[in-house]
Amino acid sequence: MNQTLIELLDTRVRAALAAVDCPDAPAVIQPAGRPEFGDYQANGVMGAAKARKMNPRQLATEVLAKLDLAGIASKVEIAGPGFINITLAPEYLAGLSNLALTDANMGVPHPPAQRVVVDYSSPNLAKEMHVGHLRSTIIGDALARVLRFMGHEVIAQNHVGDWGTQFGMLTAYLIEAEQAGDVALSDLEDFYRRAKQRFDEDEVFATHARECVVKLQGGDAQVNALWQKFLDVSLHHCEALYAKLGVGLKREDVRGESAYNDDLPVVVADLQAKGLAVESEGAQVVFLDEFKNKDGEAQAYIVQKQGGGYLYATTDLAAVRYRAGTLHADRVLYVVDARQALHFQQMFTLSRKAGYAPAGMSLEHVGFGVMLGEDGKPFKTRSGGTVKLADLLEEAEQRAYALVSEKNQEMPAEERAVIAKAVGIGAVKYADLSKNRNSDYVFSWDSMLSFEGNTAPYLQYAYTRIASVFRRVETFDTRAPIIINDEAERQLALALARFAEALQTVARETMPHFLCAYLYELATQFMRFYEACPVLKSEGSVRDSRLRLCELTARTLKTGLGLLGIETLEQM
RNA sequence: CUGCCCGUAGCUCAACUGGAUAGAGCAACGGCCUUCUAAGCCGUAGGUUAGGGGUUCGAUUCCCUUCGGGCAGACCA
């Protein structure tokens with residue numbers, strides 16, 4: 001299989017359109033809106049008819065006469081003003097399932113491979129990770145996994161905040177703490193708070209902190225060693241959370257802001273040389289007339305502060321140069337808070353103008369909204385503080401443990417804990433990933449852990465039901481073909497065949513929620529099949545076929561959830 | 001003031017270059033366990049897609065406008 005179902009139908013319908021003298025008309029294939037319209041619908045005829053001032057139903061009839069779907073569709077008919085409704089043949093769908101069972105990539109075609117940089121998570125290493133880092137981390141991770149699965153070369157980059165004045169303060173405080181024999185780096189948040197307090201209250205300390213910034217930036221060995229030590233501790237903290245979350249980011253993926261230090265003066269000088277950056281109010285500024293300020297004039301984009309300091313704009317420009325010049329990326333995804341949308345638009349525009357990003361390199365801001373509490377206001381603790389990511393995940397596991405215990409009172413505590421981890425963490429991740437990332441989303445323990453509807457536990461449960469079947473099966477033909485007799489089987493096979501489409505959409509739109517919606521649909525179709533078609537109690541080739549269908553469903557669910565970074569369980 | 005995002009069932013969310021009667025889940029109500037895990041399945045009810053105008057065979061989707069919410073807009077990221 002080298003194309004998805006939609007691509008196949010698109011090719012065939014376009015060929016038919018071309019045969020009736022509409023060579024450039026798009027087929028506009030979509031999954032059918034209602035069951036009675038079949039499985040897919042082609043909507044392109046109406047547009048083509050309009051362009052040629054023809055009667056759409058008449059044209060549809062002509063297209064239908066030329067449309068070759070032999071062996072693919074069992075029914076093709078014209079409906080409404082000129083829709084072509086396509087119902088796929090059971091034998092064809094069975095064939096696709098059989099193919100997917102033997103294919104190493106589960107029947108998912110690989111598009112031309114690209115080198116894709118995915119910039120995600122990017123916590124500030126001065127502090128502990130909090131809920132604000134959750135979305136970038138798991139959305140980015142899911143996208144990286146999907147792109148890799150589709151055969152792309154993914155370079156994950158953790159653009160951590162490891163530079164800036166706050167690190168002067170922290171190293172100064174680290175010196176103090178070490179002298180006092182108290183290296184309390186176990187709680188980063190507390191360490192930061194104490195350092196900040198010293199900075200605000202003690203002028204001598206504040207001066208020392210500023211000196212440390214200068215020393216750090218000047219390459220002073222002692223301060224740099226302390227800085228490295230601090231980063232190491234902070235990164236360990238992040239990695240512990242990545243491990244708990246099942247996020248694949250590794251130490252070698254870290255390429256922090258500091259990595260671009262040497263290139264910052266070069267960038268500014270280059271922008272000046274190109275006549276893009278000019279001095280304004282003591283700062284180096286690029287005026288972009290693509291963007292207007294409050295007075296309707298070209299908006300200023302600062303690349304160097306008055307006093308010579310650099311900003312994130314400079315760092316990001318340097319990163320573009322690196323990703324283009326050294327990494328030769330075809331595509332760069334920035335999985336960053338939607339509030340930075342303007343910054344990215346400006347930065348992308350300037351990167352093009354300055355020639356840092358070649359025309360063939362796609363720069364995409366994968367923005368997302370903020371997490372809200374159930375009151376609709378930004379997600380905070382009862383006391384109004386920032387919620388630590390570690391605390392959130394801990395609570396997820398605890399809540400899941402309580403629920404697992406309710407359902408399995410006789411189960412050993414150890415097993416319950418394993419299930420609780422997969423379910424709790426999975427629920428948190430899925431609740432986030434299943435929503436359109438563009439909008440803010442309401443974080444609700446109750447709905448994500450209700451285990452009903454479009455949730456991770458529902459999908460995990462579907463998987464365990466299959467696992468349970470295979471625990472009970474004694475013997476069957478593990479190479480038996482899938483044969484479709486029942487409509488529930490056909491619907492399940494159709495859902496299975498759409499896996500590739502879902503992944504393709506996710507990769508193209510950088511929207512993980514399409515994969516979630518797909519998996520939910522697949523699980524729902526499986527549940528219906530499971531209710532309607534006895535597996536172990538059936539006999540002969542039907543039993544073998546149904547077991548094979550179960551097998552492919554399980555693999556697809558496991559693979560799909562895996563691409564979201566969510567574990568499956570044999571039992572729950 | 002300017003720009004971006006958003007407004008869909010009581011609640012949380014879908015709707016893939018504009019397609020047919022706008023779909024799910026929760027909550028509500030009614031069915032289904034001597035049969036592979038009922039964390040399930042089936043059914044009922046619930047809508048002027050914030051309001052108004054426009055484009056066309058067709059608009060939740062595109063354009064204009066009003067209202068409401070969020071965010072951003074020169075030295076934080």
Side-chain angles (χ1 to χ4, degrees), chain A residues 6 26 28 30-34 36-37 41 43 46-47 49-50 56 79-83 85 122 124 161 164-166 257 280-285 291-296 299-307 309-313 315-316 336-343 345-346 367 369-370 372 374 376 403-404 406-408 423 431 434-436 438-442 444 446-448 450-455 457-458 460-462 464-473 501-502 504-505 508-509 511 513-514 517 520-521 524 527-528 530-532 534-538 550 571-572:
Chain A
I6 284 190
V28 194
Q30 283 183 1
R34 324 174 118 265
E36 59 267 35
F37 298 154
Q41 58 185 67
N43 305 333
M46 291 168 293
K50 187 175 162 188
F83 296 98
N85 292 336
S122 311
N124 178 358
T165 53
Q166 53 201 339
E257 293 171 347
S280 172
E281 297 173 34
Q284 290 299 320
V285 174
F291 304 90
K292 297 204 179 102
N293 67 11
K294 59 198 86 170
D295 302 319
Q299 190 160 339
Y301 190 62
I302 302 178
V303 294
Q304 186 173 23
K305 299 195 276 190
Q306 55 182 351
Y310 301 102
L311 319 91
Y312 68 131
T315 310
D316 280 346
V336 181
D337 193 330
R339 285 176 293 198
Q340 292 187 35
L342 179 60
H343 158 66
Q345 283 176 38
Q346 293 173 323
V370 296
L372 304 174
E374 289 187 73
L403 280 157
V404 171
E406 224 173 87
K407 305 276 179 191
N408 306 284
V423 168
S434 62
K435 279 149 193 112
N436 185 323
N438 280 325
S439 42
D440 295 344
Y441 96 97
V442 177
S444 163
D446 289 339
S447 60
M448 78 178 70
S450 71
F451 299 4
E452 287 163 355
N454 190 7
T455 61
Y458 177 85
Q460 290 168 321
Y461 178 61
T464 63
R465 281 188 131 179
I466 302 173
S468 174
V469 168
F470 281 101
R471 269 198 305 277
R472 286 165 187 276
V473 69
E501 278 168 29
Q504 210 173 57
T505 309
R508 187 182 64 239
E509 310 286 335
M511 292 280 202
H513 81 281
F514 285 116
Y520 181 56
E521 169 67 15
T524 301
M527 294 289 198
R528 288 181 184 150
Y530 184 89
E531 300 281 341
V535 177
L536 295 176
K537 289 182 176 55
S538 56
C550 284
Q571 227 176 326
M572 64 188 278

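The sequence lines fix the lettering, A, B, ..., with proteins before strands; numbering per chain opens at 1. This one's a predicted model, so the numbers in the text were calculated from it and none came from an experiment. Only heavy atoms go into these numbers, but all of them, side chains included; no hydrogens, no water, no symmetry mates.
- Minimum atom distance to the side chain of A/Y312 is reached by B/rA77, of the listed B/rC13, B/rA77, B/rC36.
- Side-chain N/O atoms of A/D337 and base N/O atoms of B/rA72 include no donor-acceptor pair closer than 3.5 Å.
- Nucleotide B/rC76 has no partner under the Watson-Crick or G-U criteria, as no pair reaches both atom distances under 3.5 Å.
- Using the Watson-Crick or G-U wobble rule with both distances under 3.5 Å, B/rG18 pairs with nothing in any strand shown.
- Residue A/R508 places its side chain closer to B/rC16 than to any other of B/rC36, B/rC16, B/rA74.
- Closest contact between the side chain of A/F514 and the listed nucleotides B/rA20, B/rC16, B/rG19 involves B/rC16.
- In this structure, OH of A/Y458 is placed 13 Å from P of B/rA24, rounded to the nearest angstrom.
- Set against B/rG40, B/rA20, B/rC36, the side chain of A/S468 has B/rC36 as its closest nucleotide.
- Atom CD in A/Q306 sits roughly 9 Å away from atom P in B/rC76 (whole-Å rounding).
- Applying the 4.0 Å criterion to OP1 and OP2 of B/rG70, one finds that A/R339 has every side-chain N and O outside that range.
- Considering only side-chain atoms of A/N436, the nucleotide from B/rG19, B/rC36, B/rA14 that sits closest is B/rA14.
- Of the side-chain N and O atoms in A/H343, none sit less than 4.0 angstrom from OP1 or OP2 of B/rG73.
- Comparing B/rG54 with B/rC76, their C1' atoms are spaced 44 Å from each other, to the whole Å.
- Base-pair partner of B/rG47: not found among the strands shown (Watson-Crick or G-U wobble, both distances under 3.5 Å).
- Out of B/rC41, B/rA74, B/rG25, the shortest distance to the side chain of A/Y520 is found at B/rG25.
- The side chain of A/Q30 approaches B/rU17 more closely than any other nucleotide in the set B/rU21, B/rU17, B/rA77.
- With both pairing distances under 3.5 Å, B/rC71 is matched to B/rG3 as a Watson-Crick or G-U wobble pair.
- With hydrogens and angles ignored, no donor-acceptor pair under 3.5 angstrom links the side chain of A/S434 to the base of B/rA14.
- Side-chain proximity of A/N408 to the nucleotides B/rA39, B/rC36, B/rC41 is greatest for B/rA39.
- Atom CD in A/E452 sits about 5 Å away from atom P in B/rG40, given to the nearest Å.
- Residue A/Y530 places no side-chain N or O under 4.0 Å from the OP1 or OP2 atom of B/rU35.
- Taking the six-membered ring where the residue is Trp, the centroids of A/Y520 and A/Y458 are separated by under 6.0 Å.
- Between B/rG18 and B/rG40, the two C1' atoms lie 38 Å apart (nearest whole Å).
- Nearest to the side-chain atoms of A/P26 among the listed nucleotides B/rC13, B/rU17, B/rU56 stands B/rU17.
- When each of B/rG73, B/rC41, B/rA20 is scored by its nearest atom to the side-chain atoms of A/L342, the top-ranked nucleotide is B/rG73.
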